[in-house]
Protein chains: 2
Amino acid sequence: MPPTPSSELTARQREVLGFVRDHQRRHGHPPTTREIQAHFGFASQTAAVDHLRALARKGALQHHAGKARGHLPALAAALRTSLLEIPLYGTIPAGLPTAAEQEPDRYISVDAASLGVSARARLFALRVRGDSMTGANILDGDTVFLTPRDPRPGAIVAALIDGESTLKRFLVQRGRPFLRAENPRYPDLLPATELIIQGVMVGLLRQQPAA
Amino acid sequence: MPPTPSSELTARQREVLGFVRDHQRRHGHPPTTREIQAHFGFASQTAAVDHLRALARKGALQHHAGKARGHLPALAAALRTSLLEIPLYGTIPAGLPTAAEQEPDRYISVDAASLGVSARARLFALRVRGDSMTGANILDGDTVFLTPRDPRPGAIVAALIDGESTLKRFLVQRGRPFLRAENPRYPDLLPATELIIQGVMVGLLRQQPAA
DNA sequence: TGGCATACTGTTCAATTGAACAGTGATTGG
DNA sequence: CCAATCACTGTTCAATTGAACAGTATGCCA
């Protein structure tokens with residue numbers, strides 16, 4: 001994998017790459033060679049083709065040969081493949097969001113690299129309600145990202161405990177798992193009947209309220 | 001604008017829409033009618049065309065007629081247009097990230113709606129270093145999103161004060177602006193020579209460290 | 001019972017678009 | 001000074017792909 005392909009690119013090639021990225025972002029699909037030609041005012045289509053070839057050779061673009069439409073550019077691979085669309089299941093998930101066909105409120109788009117997760121990670125999001133996790137610097141209104149997997153002690157989890165869903169720190173003492181709010185005003189939760197871990201927290205997104 | 005177009009869609013139409021979205025996300029460009037045909041095993045290309053027409057009519061897709069390649073689908077408009085690519089300028093920005101042609105470390109992709117900002121917002125990101133803002137629940141390692149604009153008193157800002165860049169709360173007392181760390185161990189900062197506000201914090205992204 | 005939308009089959013045509021070929025001139029590194 | 005890369009012009013061809021036309025069968029609504 002090239003470390004920073006753009007460093008080897010010429011100024012003109014960066015311009016073309018910029019146009020391709022921009023077009024992709026704004027239109028949802030890469031430009032055609034003729035659109036590139038028109039944008040830069042080339043008299044020949046080949047000028048665009050040459051640039052694309054150079055960009056593909058240097059790893060800045062990946063070229064799906066022949067395949068017409070998306071034919072040439074496609075975004076820098078990393079950028080594309082790593083974009084996650086994370087379903088937001090509301091404040092208090094009624095069921096297991098991973099299992100049921102439950103409709104998410106909406107989707108949150110974040111790239112995997114920025115969250116430090118794999119591009120294939122299956123994440124879901126929940127809106128935090130209440131102040132029980134302020135000790136872990138998680139505030140009311142924050143959106144937390146979770147992945148369904150078994151938690152290690154100390155992890156922050158969304159759990160279904162005795163039918164109610166909450167965000168808490170998962171701890172184990174003498175082989176017995178329990179949940180602890182990161183706020184001294186809340187007591188530890190010992191599961192009476194069952195403790196179902198819906199997901200382990202991997203990240204957080206906050207909207208800073210306007211001052 | 002249709003409120004929730006998917007509600008009026010038939011099961012089959014939702015399937016096709018799902019395939020189009022998925023293809024878009026994974027390949028960076030929409031599928032062709034023939035790719036849809038192949039995926040669902042239609043004997044006729046027209047079956048795919050019919051579905052796309054229905055989806056466009058119901059507002060679930062937007063159809064760029066004739067224009068071959070990205071020709072038909074394109075994502076649901078809102079989803080596409082609102083994706084921000086936010087440049088990350090490192091831990092301590094040396095200059096004004098908005099002014100200079102300074103190369104960002106990398107880009108963070110987040111959709112505008114999830115950050116509560118306009119799709120046209122110009123944001124940049126900084127990595128937080130140190131514990132001077134723990135009182136505002138901003139931790140070492142967090143990534144903060146900022147927009148260049150004049151701060152209101154109480155806002156959290158990235159500021160260039162006497163040549164050094166820091167994240168602090170912006171306050172005004174008796175007409176005099178100053179910066180306050182949200183950590184009692186740090187003193188207030190009164191600008192000796194100049195106070196340049198680089199940006200106002202609008203959001204935050206955190207990678208939860210594995211427990 | 002007729003009309004309309006859905007969900008397809010099967011075929012043909014034209015437009016969009018990628019790709020190749022044959023050049024020119026400037027620059028740069030060995 | 002030669003080779004390679006860059007940055008183009010100008011033309012032609014073939015593949016991909018969208019679009020249209022003509023049907024069939026089903027279910028639903030009124």
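Sequence lines set the chain letters: A, B, ... in the order given, protein chains first and strands last, and positions in each chain run from 1. What you see is a predicted model, and the numbers here were worked out from it, not measured in a lab.
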- Could you tell me the separation between the CD atom of A:E15 and the C1' atom of D:dC6, rounded to a whole number of Å? 14 Å
- Message: Measure CD1/A:I36 against P/D:dA7 and give the value in whole Å, please.
- Response: 14 Å
- Task: Assess the side chains of B:S114 and B:D111: does a donor N or O sit below 3.5 Å from an acceptor N or O?
- Result: yes
- Where protein sits on nucleotides 5-13 of chain C, one letter per nucleotide: B base, S sugar-phosphate only, - none, heavy atoms under 4.0 Å: -SSBBBB--
- For A:R53 and C:dG18, what is the distance between atoms CZ and P respectively, to the nearest whole Å? 13 Å
- Query: Which atoms form the tightest heavy-atom contact between A:P148 and A:R122, and what is the distance?
  - Reply: CD-O, 3.2 Å
- Message: Under the side chain to side chain contact (heavy atoms under 4.5 Å, CB included) test against B:L146, which residue among B:L126, B:I197, B:I156 passes?
- Response: B:L126
- Query: Taking atom C1' of D:dT9 as reference, at what distance in whole Å does atom CZ of A:F40 sit?
  - Reply: 17 Å
- Check each of B:Q207, B:R127, B:R206 against B:D142 using the side chain to side chain donor-acceptor pair (under 3.5 Å) test, and report the only one that passes. B:R206
- State whether the side chain of A:T46 and the backbone N or O of A:V49 hold a donor-acceptor pair below 3.5 Å, judged by distance alone. no
- Evaluate the ring planes of B:F19 and B:F40, with Trp represented by its six-membered ring, and classify them as parallel (under 30°), tilted (30 to 60°) or perpendicular (over 60°). perpendicular
